[in-house]
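What follows is a short report on a single structure.
Because the structure is predicted, anything quoted here is derived from the model rather than measured. Just so you know, ligand 1 is whichever comes first in the structure, and atom 1 is the first atom listed for that ligand.
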Amino acid sequence: MASITIRQLDEALKTALRLRAVAHGRSMEDEVRTILRSAAAAEPARAVAAPLDHQPKTDATQPRVLLIIGGGIAAYKSLDLIRRLKERSITVRCILTRAAQQFITPLSAGALSGGRVFTDLFDTAAEFDVGHIRLAREADAIVVAPATADLIAKMANGLSDDLASAVLLATRASVLVAPAMNPAMWHHPATRRNVEALTVAGIKLVGPNAGEMAEEGEGGFGRMAEPLEIVAVLLPLLTPVRGQGLLAGKRVLVTSGPTHEPLDPVRFIANRSSGKQGHAIAAAAAAEGAEATLVSGPVALPDPPGVQTVKVETAQEMLSAVTKALPVDAAIFAAAVADWRPEKQKSQKMKKERGSTPPIRVVENPDILATVAHSKNARPQLVIGFAAETEHIIENAKAKLARKGCDWIVANDVSAASGVMGSDVNRVHLVSRHGCESWPPQSKDAVAHALVARMAQALSEKRA
Ligand code: C5P
């Protein structure tokens with residue numbers, strides 16, 4: 001068995017690894033273990049799901065994307081973006097800015113894209129061979145990810161002092177920008193002005209998302225959008241691939257997040273739910289060409305691109321939004337709906353009274369999943385429920401499948417020990433009347449993608 005030590009890695013990789021480890025609060029060794037574990041887990045997951053490159057195309061008909069990778073810690077996510085694009089039979093060429101090479105190497109981008117990586121405006125060999133004008137012209141769309149504040153400023157002001165900015169100035173293709181920077185830089189008036197200028201020029205933006213920053217203790221808007229979110233926004237820009245996803249022509253409904261059941265204007269009953277898994281499913285369905293509707297309770301997530309998002313607060317509002325969105329081909333109920341709501345909602349804030357506690361009477365909320373699954377005339381072909389369990393996961397999921405009348409239950413372990421709640425990783429079991437399949441631990445995006453591939457397969461076979 002070969003062994004590898006962090007000391008043997010090249011300096012740029014070590015720096016990227018160190019920053020990633022700091023961002024996740026892990027040691028470098030633990031970070032390497034985490035990366036390897038998720039890479040190993042991703043492979044069987046793809047084998048479980050239908051292959052994504054289901055429609056092989058010839059090189060001549062493949063859409064061509066030029067990916068410009070800027071210098072930021074999020075550059076490592078762009079390596080995954082290359083894979084996501086290639087999975088969809090998209091030809092990818094890469095430019096790495098000088099700053100990007102502090103985080104990732106041309107070798108890794110080249111290995112994943114399967115081609116030469118361009119870095120230098122004044123590389124005579126490259127200029128005579130491909131050249132910045134050809135790079136600009138031979139792309140159906142250009143994606144800038146991560147787009148730093150500096151790169152955005154150059155684009156907004158038409159600077160062209162390096163290969164990336166020269167190509168961006170020379171192109172006539174659609175451009176999609178995925179900003180990533182510290183929240184203070186994102187909110188700075190200069191960046192606001194530059195972003196506004198890009199929008200006016202018809203350049204599309206995806207993200208940034210809110211979340212933790214690489215800098216310890218910093219948070220806010222500035223994280224680069226996830227690779228699948230970028231893919232979802234990019235696909236409609238690539239005319240040749242429009243309407244060709246796994247779920248093209250299908251209508252998909254997803255519920256996500258918690259519901260809030262108000263007691264008074266400031267207090268409510270709710271379940272814990274970040275909405276990450278439900279939002280990822282809606283984004284993945286849209287990325288695969290579905291007409292996706294997301295009915296979401298209150299969450300701190302941006303609306304997924306390409307998805308019609310309906311925001312609700314209570315279970316009753318969620319049921320009514322879901323009913324309005326029918327008919328659909330598939331419905332996935334990932335929301336953590338509060339089981340009860342206060343019988344009465346006070347119009348004024350309840351006052352604390354010394355020595356006495358208010359009697360709170362609750363009534364049962366409608367079961368949205370069961371209502372849709374048992375619907376006589378509007379039942380979707382595929383109805384999928386979620387089961388968050390802390391023990392006896394599979395037995396409880398099987399019982400729930402029968403009780404709710406759905407086709408599949410995606411069961412996950414949300415016990416404190418699993419670390420799933422609120423995190424980006426999920427470990428699920430897919431339970432249907434045909435049996436139970438346990439998927440390896442993987443990111444919520446990967447779960448979403450695998451589930452969407454499974455749904456597409458089931459819808460095409462007209463069975464669940
Ligand atoms: O009964 P339990 O809450 O464990 O069931 C979970 C599944 O049922 C999830 O898919 C959830 O979205 C759905 N559900 C619902 N309406 C409720 C309660 C749960 O749609 N009132």
Next item on the list: Return yes or no for this condition: an N or O of I368 is under 3.5 Å from an N or O of ligand 1.
Entry: yes
Notebook entry, point to check: Does ligand 1 have any atom sitting under 4.0 Å from a heavy atom of K404?
Noted result: yes
Margin query: Students should be able to answer this: which protein heavy-atom is nearest to atom 13 (C) of ligand 1, and at what distance?
Written below: L369 CB, 3.8 Å
Next item on the list: Would you check whether A338 has a nitrogen or oxygen atom less than 3.5 angstrom from a nitrogen or oxygen atom of ligand 1?
Entry: no
Check: Do the charged groups of D445 and K276 touch, with an N to O distance under 4.0 Å?
Finding: no
Note to self: Evaluate K400 for polar contact with ligand 1, using N/O atom pairs at a separation under 3.5 Å.
What the structure shows: yes
Check: Side chain, backbone, both or neither: which part of P366 has a heavy atom under 4.0 Å from ligand 1?
Finding: backbone
Check: Relative to each other, are the rings of F221 and H187 parallel, tilted or perpendicular (30° and 60° limits)?
Finding: perpendicular
Note to self: If we only consider heavy atoms of A335, is any one of them less than 4.0 Å away from an atom in ligand 1?
What the structure shows: yes
Next item on the list: Heavy-atom contacts with G385 under 4.0 Å: which atoms of ligand 1 show up? List them by number with element.
Entry: 10 (O)
Next item on the list: Around atom 18 (C) of ligand 1, find the nearest protein heavy atom and jot down its residue, atom name and distance.
Entry: V337 CB, 3.8 Å
Next item on the list: State whether K77 and E226 are salt-bridged, where the test is any N-O pair (Lys NZ or Arg NE/NH1/NH2 against Asp/Glu carboxylate O) under 4.0 Å.
Entry: yes
Item checked: Ion pair check, K250 and E288, cut-off under 4.0 Å -> no
Note to self: Salt bridge or not between R361 and E343? Use side-chain N to carboxylate O under 4.0 Å.
What the structure shows: yes
Check: atom 3 (O) of ligand 1: which protein heavy atom is closest, and how many Å away?
Finding: D339 OD1, 4.1 Å
Next item on the list: Please indicate whether any nitrogen or oxygen in A387 is less than 3.5 Å from any nitrogen or oxygen in ligand 1.
Entry: no
Next item on the list: Check each atom of ligand 1 against the heavy atoms of F333 and keep those under 4.0 Å away; list them by number with element.
Entry: 9 (C), 10 (O), 11 (C), 12 (O)
Notebook entry, point to check: Pick one: which of L234, V92, V231, I230 meets side-chain contact (heavy atoms from CB on, under 4.5 Å) with R84?
Noted result: V231
Item checked: Salt-bridge criterion met for D264 and K349 (N-O under 4.0 Å) -> no
Note to self: Does this structure show an ion pair linking D367 with K404, if we count only N-O contacts that are shorter than 4.0 Å?
What the structure shows: yes
Next item on the list: Measure the spacing between NZ of K398 and CD1 of I393 and express it to the nearest 0.5 Å.
Entry: 12.5 Å
Margin query: Could you identify the single nearest non-hydrogen protein atom to atom 6 (C) of ligand 1 and state the distance to 0.1 Å?
Written below: F386 O, 3.0 Å
